[in-house]
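These notes concern the structure reproduced below.
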Amino acid sequence: RGVVTSASYETRAYGVRSGMPMSQAMRLCPNAVRVGVPGKECRQKSREIRTVLQRFTPVVEAASIDEFYLDMTGTDQLYGGEPLETTAGRIRDAVLTETGVAVSIGCGSSKLIAKLAAKQAKPHRGTSNGVKVVPAGQELAFLAGLQLADIPGIGPRLQEKLAERGLTTISEALDLPEGALTGWLGDRAGRWLYRRIRGLDAAPVSPHAPAKSMSHEETFPVDIESDVDLNRELLRLSGRVAADLRGRNLKARTVTVKLRDTDFTTRQASRTLARPVDSDRPIGTAARRLLAQLRRDRRVPARLLGVALSNLGPSDAELDQLSLFEESDESERDRQLSRVVDDINARFGRDHILRGNTMGPHQ
């Protein structure tokens, strides 16, 4: 069958609707009441949905807590040669019956096409059955009806740059040769966009779950009270976990600092960055600010300090090029410096060289 299916559901199924960053929402509506996401319940429901999906094909990839990919290759005989839309409808009915969650399903020849089709299948897009199938050979016709902003990875800054050239729809960009795009955006970003708007995506559906988080923490032999000393330890831990991240060719969006006080009270604070990063400076900067926040809330000696990175994803060299047009916490210089540090530490031993603390303890 050679088809990839994307099944997704919106977090509002749990009474929560994801959208703009919380900080922006609170600025726009300062009197709003914030309700925490029931993380444990969401994860449990996600596992229930995956269990149902695995009955239809063994190759199921959890792209996130609310999005899955299914490789339906070779399942024609299993389902008696029925139309793919019929199979997708049965999958949707089974998930709804057994978990109480209504999913939207998109089907296509690649993960990208399936993901875009799943968006079109959402009820607010006008579909009656929550299923959208893009037949093989009709990918360009499907994409031609979409906006460039619909393509994952094309954010506001890149949209703005393309709009300056009169490009807002995929159909407009399809008329351009690859050379025009590379001339405007650079070789890697131009080639990436040329392939992306044509639905060319060779990424396989991988059932193996990636690492969810990485961390380093240390319990001190003697409690530490000085902000300067805590920041020094924090930078060392941040550098270590960042190096581990790069060693596994991953990037992270969420930084978490864990602090255990002298009375064994354990506290933590997190920050999610605008874009994935893997270099020391943005990770260390976010960690220092989180530590300062925890110390302002309660200033007592600390017996344990930890830094964790989560919201992980693969380091994609082609997508890195797009950071030229997106707001980012990380620069090309940051990446180069971090790799120089990795080389030195590999030759002379870990922690042989560390980034200096250029911020005050309360920044």
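A quick note: this is a predicted structure, and the numbers were derived from the prediction, not measured. Excluded from the calculations below are hydrogen atoms, water molecules and symmetry mates; all remaining heavy atoms, backbone and side chain alike, are included.
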Quick one: are [X] and [Y] in side-chain contact, heavy atoms under 4.5 Å?
{"X": "Lys251", "Y": "Arg246", "answer": "no"}
{"X": "Glu61", "Y": "Leu70", "answer": "no"}
{"X": "Leu116", "Y": "Pro152", "answer": "yes"}
{"X": "Leu162", "Y": "Glu172", "answer": "no"}

List in chain and number order the residues that pass salt bridge (Lys or Arg N to Asp or Glu O under 4.0 Å) with Glu139, two or more places apart in sequence or in another chain; answer none if no residue qualifies. none
Dump the intermediate steps for side-chain contact (heavy atoms from CB on, under 4.5 Å) on Phe220 and Leu305, then the final yes or no. CA-CA 8 Å; Phe220 308 124; Leu305 183 64; 3.7 Å; yes
Is any NZ, NE, NH1 or NH2 atom of the basic residue among Glu178 and Arg195 found under 4.0 Å from an Asp or Glu carboxylate oxygen of the other?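 The answer is no: the pair does not qualify as a salt bridge.
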Between the main-chain N or O of [Y] and the side-chain N or O of [X], is there a donor-acceptor pair closer than 3.5 Å?
{"X": "Ser279", "Y": "Arg281", "result": "no"}
{"X": "Arg240", "Y": "His216", "result": "no"}
{"X": "Arg303", "Y": "Asp261", "result": "no"}
{"X": "Arg260", "Y": "Thr266", "result": "no"}
{"X": "Thr97", "Y": "Ala94", "result": "no"}
{"X": "Asp201", "Y": "Leu112", "result": "yes"}

Do Thr87 and Glu82 pass the side-chain hydrogen bond (donor to acceptor under 3.5 Å, both in side chains) test, and can you show the C-alpha distance, the side-chain angles, and the key distance before you say yes or no? CA-CA 7 Å; Thr87 305; Glu82 68 183 12; 2.6 Å; yes
